[in-house]
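Values reported hereafter were calculated over all heavy atoms of this structure, with side chains retained and with hydrogens, waters and symmetry mates removed. Residue numbers start from 1 in every chain, and the chains themselves are labelled A, B, ... in the order their sequence lines are given, proteins ahead of strands.
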Number of protein chains: 2
Amino acid sequence: MEPHEPDLTAVPVTAVLAALADDVRLQIVRALAEGGEAACGSFDFGVSKATRSHHLKVLREAGLTRTRAAGTSRLVRLRRDELNRLYPGLLDAVLTSRPPA
Amino acid sequence: MEPHEPDLTAVPVTAVLAALADDVRLQIVRALAEGGEAACGSFDFGVSKATRSHHLKVLREAGLTRTRAAGTSRLVRLRRDELNRLYPGLLDAVLTSRPPA
DNA sequence: GAGCTTGTTCGACCTTTGTCGAACAACGGT
DNA sequence: ACCGTTGTTCGACAAAGGTCGAACAAGCTC
């Protein structure tokens, strides 16, 4: 089953923004930005694995991440270059924002 | 009644992003970016005035706009400088994105 | 003050979305 | 072949959010 990773230009801006407009997903994106490629299981932010899987799907379908299988795990990584090319400054603006005091 | 225009630093990033993650609101922001200050009524994007008022409230409470009374109207403007200072690149990234084909 | 214009607020409604547990699927190791 | 690990999918549920019409408020003009 292909993981359905759309062309970023085909994703409406509102969908990209909506994908980033969630605390859990933002934490995932931050983790990916810092640590590079990571397995789904490494994002343990106090939600069930069903919920985590859901959030990763949202990020993937918004064109923010790519996923590849690796044994029993799936490795996720940020599509930084494409993102920065299409929305220069967006990622940085979001990532450098202080965590909610 | 004060219109409750929060300090941008007090607004969680997710709230800012969520405010921008809507088609109607994005159109409003684009219009404000192009035309500068404008009356609420000038944003006729196929929604009722109740809905329009709702969206303007969301934008205001997310720290994206300022509103001032002017006779029977209310003039709205983008908080560009603050936005660009706190989230450099965000606004540009969102505004320069092509409209949904 | 009557009436018009401009916005806001108030339910109400319906869709979307975040969350979970449970069931399922794929893979690796023993 | 079996089991454990890792993710995904499937309802189900609750909360959030966009939408509307109607009622209300404030201000201008005649």
Side-chain angles (χ1 to χ4, degrees), chain A residues 1-6 11-29 31-32 35 37-77 100, chain B residues 1-6 11-29 31-32 35 37-77 100:
Chain A
M1 177 206 64
E2 288 95 43
H4 186 219
E5 291 172 352
V11 179
V13 202
T14 48
V16 176
L17 293 170
L20 293 170
D22 178 276
D23 265 309
V24 176
R25 289 196 290 268
L26 206 45
Q27 291 183 73
I28 294 178
V29 170
L32 285 175
E37 208 172 34
C40 301
S42 65
F43 308 115
D44 197 353
F45 297 120
V47 294
S48 73
K49 62 178 179 173
T51 301
R52 185 197 320 152
S53 194
H54 162 70
H55 286 308
L56 288 168
K57 184 181 184 183
V58 172
L59 289 174
R60 189 189 338 121
E61 295 187 344
L64 296 177
T65 59
R66 287 202 188 280
T67 306
R68 65 185 180 96
T72 132
S73 294
R74 277 158 186 266
L75 296 182
V76 184
R77 68 180 188 282
Chain B
M1 177 207 68
E2 287 95 42
H4 185 219
E5 292 173 353
V11 179
V13 201
T14 49
V16 175
L17 293 170
L20 293 170
D22 178 277
D23 265 308
V24 176
R25 289 195 291 266
L26 206 45
Q27 291 183 72
I28 294 177
V29 170
L32 285 175
E37 208 172 34
C40 301
S42 64
F43 310 115
D44 196 353
F45 297 120
V47 293
S48 74
K49 61 178 179 172
T51 301
R52 185 196 321 150
S53 195
H54 163 68
H55 285 308
L56 288 168
K57 184 180 184 182
V58 172
L59 289 173
R60 189 187 339 120
E61 295 187 344
L64 296 177
T65 60
R66 288 202 188 279
T67 306
R68 67 186 178 94
T72 131
S73 294
R74 277 157 187 267
L75 297 182
V76 185
R77 68 181 189 281

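Leu59(A) places its CG atom 10 Å from the P atom of dG18(C), with the value rounded to the nearest Å. For the pair Arg25(B) CZ and dT19(D) P, the computed distance is 8 Å after rounding to whole Å. Here dT19(D) presents its P atom at 13 Å from CG of Asp44(B), a figure rounded to the nearest Å. Between the P atom of dG17(D) and the CG atom of Asp23(B) lies a distance of 17 Å, rounded to the nearest Å. One can place CG of Leu26(B) at 13 Å from P of dG18(D), the figure rounded to the nearest angstrom. The distance between atom CG of Asp22(B) and atom P of dT16(C), rounded to the nearest whole Å, is 13 Å. Here the P atom of nucleotide dA16(D) and the CD atom of Glu61(B) are 15 Å apart, to the nearest Å. In this structure, Lys57(B) atom NZ and dC10(C) atom C1' are separated by 11 Å, rounded to whole Å.
Using a 4.5 Å heavy-atom threshold, the side chains of Thr67(A) and Leu56(A) count as separate. Side-chain contact between Val58(A) and Arg25(A) is present, with heavy atoms from C-beta onward closer than 4.5 Å.
Heavy-atom distances to DNA chain C give each of Val47(A) and Gly71(A) a nearest nucleotide, and the one nearer the 5′ end belongs to Val47(A).
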**Complete:** Expected string for nucleotides 2-7 of chain D under the B/S/- scheme (protein heavy atoms, under 4.0 Å, primed atoms plus P, OP1, OP2 as sugar-phosphate) is ---BBB
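Contact annotation for His55(A): backbone-only contact, meaning every heavy-atom pair under 4.0 Å involves sugar-phosphate atoms and none involves a base. Residue-level contact check: Val58(A) touches neither bases nor backbone, having no heavy atom under 4.0 Å from any strand.
Rounding to the nearest 0.5 angstrom, the gap separating the CG atom in Leu26(B) from the CG atom in Leu17(A) is 7.0 Å. Atom CG of Asp23(B) sits about 11.0 Å away from atom CZ of Phe45(B), to the nearest 0.5 Å. Expressed to the nearest 0.5 Å, how far SG of Cys40(B) lies from NE2 of His55(B) amounts to 13.0 Å. Expressed to the nearest 0.5 Å, how far CG of Asp44(A) lies from CD of Gln27(A) amounts to 10.5 Å.
For dC20(C), the OP1/OP2 oxygens have a side-chain nitrogen or oxygen of Ser48(A) closer than 4.0 Å.
The existence of a salt bridge linking Glu5(B) and Arg66(B) is confirmed by a sub-4.0 Å separation between a basic side-chain nitrogen and an acidic carboxylate oxygen.
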